[in-house]
Amino acid sequence: LREHGLDVEAASLDTSGNLTRCAVIGKNGKNKDGAYWVRLDARPTTWWENFPAGDTGTWCGDGNPVSLTDAQRAEIDRHRREREAEQLKEHQEKARAAQAQYKAANSNDVQGHGYAVRKAVDFGPHVRRWTGSKADYLLVPMYDRTGKLWSLQQIADGKRFKSDNGECRDKNFLQGGRKKGCFCPVGDTFREASKVLIGEGLATVAAGV
């Protein structure tokens, strides 16, 4: 289970055969994004799901395929529906916060930000700048294909953001915000464009435009 990212220990493992939710590794136990069930009978078997990673599977001690009962399949489906509903609710809450912050941010002087100066490329019309007493970030909006803003990426001039493993970085996604299926166009639009570049980083793509 730990090899598949579930934050569980052998000493406290639930071996009742019931579906048990747990944290995934690297999130400091602040989530319940993993699930498993374990049966320790004559044929030890287990099922797991790492929801953020999309990793799910079964294992059997004798190496033979695992056949799930109808009750187990129903429990797994119920868990998945519950987790998807919880995730959608969280994404919608974060989207409202992201939209409010983005609306309040400044669309001027983006290119004067330290990160933009170092990269020396035009980030396009969608990036804004958020400044405060303890903040000076670029805000990169994350849209879905319909144009709805779901989340933000914050970019600082220097390694200001601390990750779960204690490392510092200059970029940070809004915690709990939606990322899957989201993107930020560097140009006004990609529709009917003669050239479309797809990349992971804002500066990387902007440099190729």
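Values below: all heavy atoms of this structure, side chains included; hydrogens, waters and symmetry mates excluded.
- Residue pairs meeting the ring pair (Phe, Tyr, Trp, His ring centres under 6.0 Å) criterion with at least one member in residues 131-154, sequence neighbours excluded, are His126-Tyr143, Tyr137-Phe161.
- Every side-chain contact (heavy atoms from CB on, under 4.5 Å) that Ala53 has, sequence neighbours left out, goes to Asn50, Asp55.
- By the 4.5 Å side-chain criterion applied to Ile, Leu, Val, Met, Phe, Trp and Tyr, Met142 is assigned to a cluster that also includes Phe173.
- For residues 110-120, the pairs satisfying salt bridge (Lys or Arg N to Asp or Glu O under 4.0 Å) are Arg118-Asp157, with sequence neighbours left out.
- Applying the salt bridge (Lys or Arg N to Asp or Glu O under 4.0 Å) rule to Glu3 yields no partners; only residues at least two apart in sequence or on another chain are considered.
- Arg128 meets the side-chain hydrogen bond (donor to acceptor under 3.5 Å, both in side chains) test with no other residue; sequence neighbours excluded.
- Evaluation of the salt bridge (Lys or Arg N to Asp or Glu O under 4.0 Å) test over residues 93-109, restricted to residues two or more places apart or in two chains, returns Asp109-Arg129.
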Mind listing the side-chain donor-acceptor pairs of residues 75-82 below 3.5 Å, one per line with the distance, residues two or more places apart or on another chain?
unit_1 : atom_1 : unit_2 : atom_2 : d
Glu75  : OE1    : Arg78  : NE     : 3.3
Glu75  : OE1    : Arg78  : NH2    : 3.3
Glu75  : OE2    : Arg78  : NH2    : 2.5
Arg78  : NH1    : Glu82  : OE1    : 3.2
Arg78  : NH1    : Glu82  : OE2    : 2.5
His79  : NE2    : Glu49  : OE1    : 3.2
Arg80  : NE     : Glu49  : OE2    : 3.0
Arg80  : NH2    : Glu49  : OE2    : 3.2

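- Applying the ring pair (Phe, Tyr, Trp, His ring centres under 6.0 Å) test to residues at least two apart or on different chains, none of the pairs has a partner in residues 5-24.
- Listed by chain and number, the residues in a salt bridge (Lys or Arg N to Asp or Glu O under 4.0 Å) with Arg145 amount to none (sequence neighbours excluded).
- Between the side chains of Trp37 and Ser16, not a single donor N or O lies within less than 3.5 Å of an accepting N or O.
- In terms of the side-chain contact (heavy atoms from CB on, under 4.5 Å) criterion, residue partners of Asn108 (sequence neighbours excluded) are, by chain and number, Asn106.
- Summarising the hydrophobic clusters (Ile, Leu, Val, Met, Phe, Trp, Tyr; side-chain heavy atoms under 4.5 Å, direct or chained), the residues clustered with Trp48 are Leu1, Leu6, Val8, Leu13, Tyr36, Val38, Leu40, Trp59.
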